[in-house]
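All values reported here derive from a predicted model rather than from experimental measurement.
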2 protein chains.
Amino acid sequence: MVLSEEHRLVDALKRAGLKLTPQRLAIAEALTGDETHPTAQELYARLKPRFSSMSMATIYNTLGALTKIRGCRELEMGGATRFDPNVTPHDHAVCERCGAIRDVELESGEAPDSEPCPLPGFQVERIERVYRGVCAQCAEAA
Amino acid sequence: MVLSEEHRLVDALKRAGLKLTPQRLAIAEALTGDETHPTAQELYARLKPRFSSMSMATIYNTLGALTKIRGCRELEMGGATRFDPNVTPHDHAVCERCGAIRDVELESGEAPDSEPCPLPGFQVERIERVYRGVCAQCAEAA
DNA sequence: TCTTCGCTTAGAACCATTCTTATTTAGGAA
DNA sequence: TTCCTAAATAAGAATGGTTCTAAGCGAAGA
Ligand SMILES: [Mn+2]
Ligand SMILES: [Mn+2]
Ligand SMILES: [Zn+2]
Ligand SMILES: [Zn+2]
């Protein structure tokens with residue numbers, strides 16, 4: 001399970017017929033298991049030491065490719081796109097104080113596409129929920 | 001009710017001690033009752049004919065002021081900030097095809113801040129729900 | 001090994017938003 | 001009504017995130 005998780009993104013790239021370049025492998029590795037929902041810039045900063053010539057375009061291209069093949073998903077939060085390696089249906093809790101974004105698992109038994117008809121004729125494909133508030137650490141600090 | 005709605009934003013500006021400039025009144029008027037969740041650019045384009053010298057800065061300043069005094073709310077969608085004159089708690093349905101954003105009223109009886117504890121220690125202040133799917137018009141066209 | 005098309009890079013371009021500064025003006029005071 | 005001044009506007013520069021472009025590079029199949 002841990003091993004298969006480590007290779008999930010690599011396998012996805014391979015299955016899609018995309019080349020396994022060192023940059024892509026490093027980006028996939030950096031994103032795998034990362035629960036902080038990093039931005040492109042953050043991943044770039046993390047990888048720059050190892051790939052001093054890496055370009056932002058490569059970061060965006062790879063993340064875009066991974067998104068297209070469902071290896072990750074994109075979140076629009078705080079004026080920037082954030083990348084999430086967790087592609088199972090789940091929600092997010094955002095701290096208004098420190099900006100941290102944490103995963104929130106669905107209530108067990110809650111179908112990912114339950115929720116009653118929002119608008120007549122609107123076909124719901126999925127629901128994104130964002131809990132806004134104060135995280136445990138920030139609440140304690142105050 | 002219609003009249004009071006027409007003046008809601010103007011009253012809010014007045015109560016906050018902000019000056020009632022022609023630009024602000026026009027922006028408030030343009031936003032009032034607008035259910036399309038327009039961007040700053042869209043409002044600018046709509047007002048440019050009447051105020052040929054209006055600056056984007058004025059649009060952003062006014063919308064920022066209105067947001068601060070709870071005259072409207074901001075939504076982050078599709079890579080741009082959208083402005084919503086409806087400040088009552090409600091959700092949104094976004095069409096993946098045409099990008100239209102429609103209001104979705106809360107289920108009657110659904111407290112705006114119900115929903116069980118998402119994370120231990122996280123204090124939920126509000127929940128934002130986005131229904132993603134295909135709107136009635138786009139579904140029919142296909 | 002060779003070849004080729006996909007990939008990476010650097011930097012320009014683009015777009016939304018914010019900032020800066022000079023000028024104008026709303027609205028209270030006289 | 002006129003005057004005064006803090007607040008607001010306009011123009012454009014600056015910023016920050018993201019995408020595009022063009023030239024060289026290299027992964028991987030033959
Ligand atoms: Mn997540
Ligand atoms: Mn709305
Ligand atoms: Zn926090
Ligand atoms: Zn549609």
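Annotation: proximity of residues 67-82 of chain A to DNA chain C (heavy atom, distance under 4.0 Å) is found for no residue. Using a 4.0 Å cutoff on non-hydrogen atoms, the parts of residues 34-64 of chain B near DNA chain D are B:S53, B:M54, B:S55, B:A57, B:T58, ordered by number.
Within a 6.0 Å radius of CD in B:E74, other residues, nucleotides and ligands contribute more than 12 heavy atoms. By the neighbour-count criterion of 12 heavy atoms within 6.0 Å, atom CZ of B:R102 is sparsely surrounded, having that number or fewer from other residues, nucleotides or ligands. Within 6.0 Å of CD in B:E96 there are more than 12 heavy atoms belonging to other residues, nucleotides or ligands.
Along DNA chain C, the stretch of nucleotides lying under 4.0 Å from any heavy atom of chain A spans, 5' to 3', C:dC5 to C:dA10.
Side-chain atoms of A:T32 come within 3.5 Å of backbone N or O of A:A28 as a donor-acceptor pair. Of the possible donor and acceptor atoms, none in the side chain of B:R82 sits under 3.5 Å from a partner among the backbone N and O of B:A40. Looking only at distances, no side-chain donor or acceptor of B:R73 sits under 3.5 Å from a matching main-chain atom of B:P89. A distance-only check finds no donor-acceptor pair linking the side chain of A:E140 to the backbone of A:Q137 [under 3.5 Å].
Between the CG atom of A:L13 and the P atom of D:dA27 there is a distance of 15 Å, rounded to whole Å. When the C1' atom of D:dT5 is taken as reference, atom NZ of B:K19 falls 8 Å away, rounded to whole Å.
A:E29 and A:R50 are joined by a salt bridge, as a carboxylate oxygen and a charged side-chain nitrogen come within less than 4.0 angstrom of each other.
Nearest-nucleotide assignment on DNA chain C puts the 5′-proximal partner with A:G17, out of B:F83 and A:G17.
For the 3.5 Å distance criterion, the side chains of B:N86 and B:H37 fail to qualify, holding no donor opposite an acceptor.
Clustering ILVMFWY residues whenever any of their side-chain heavy atoms sit less than 4.5 angstrom apart, transitively, puts B:V87 in a cluster other than the one holding B:I27.
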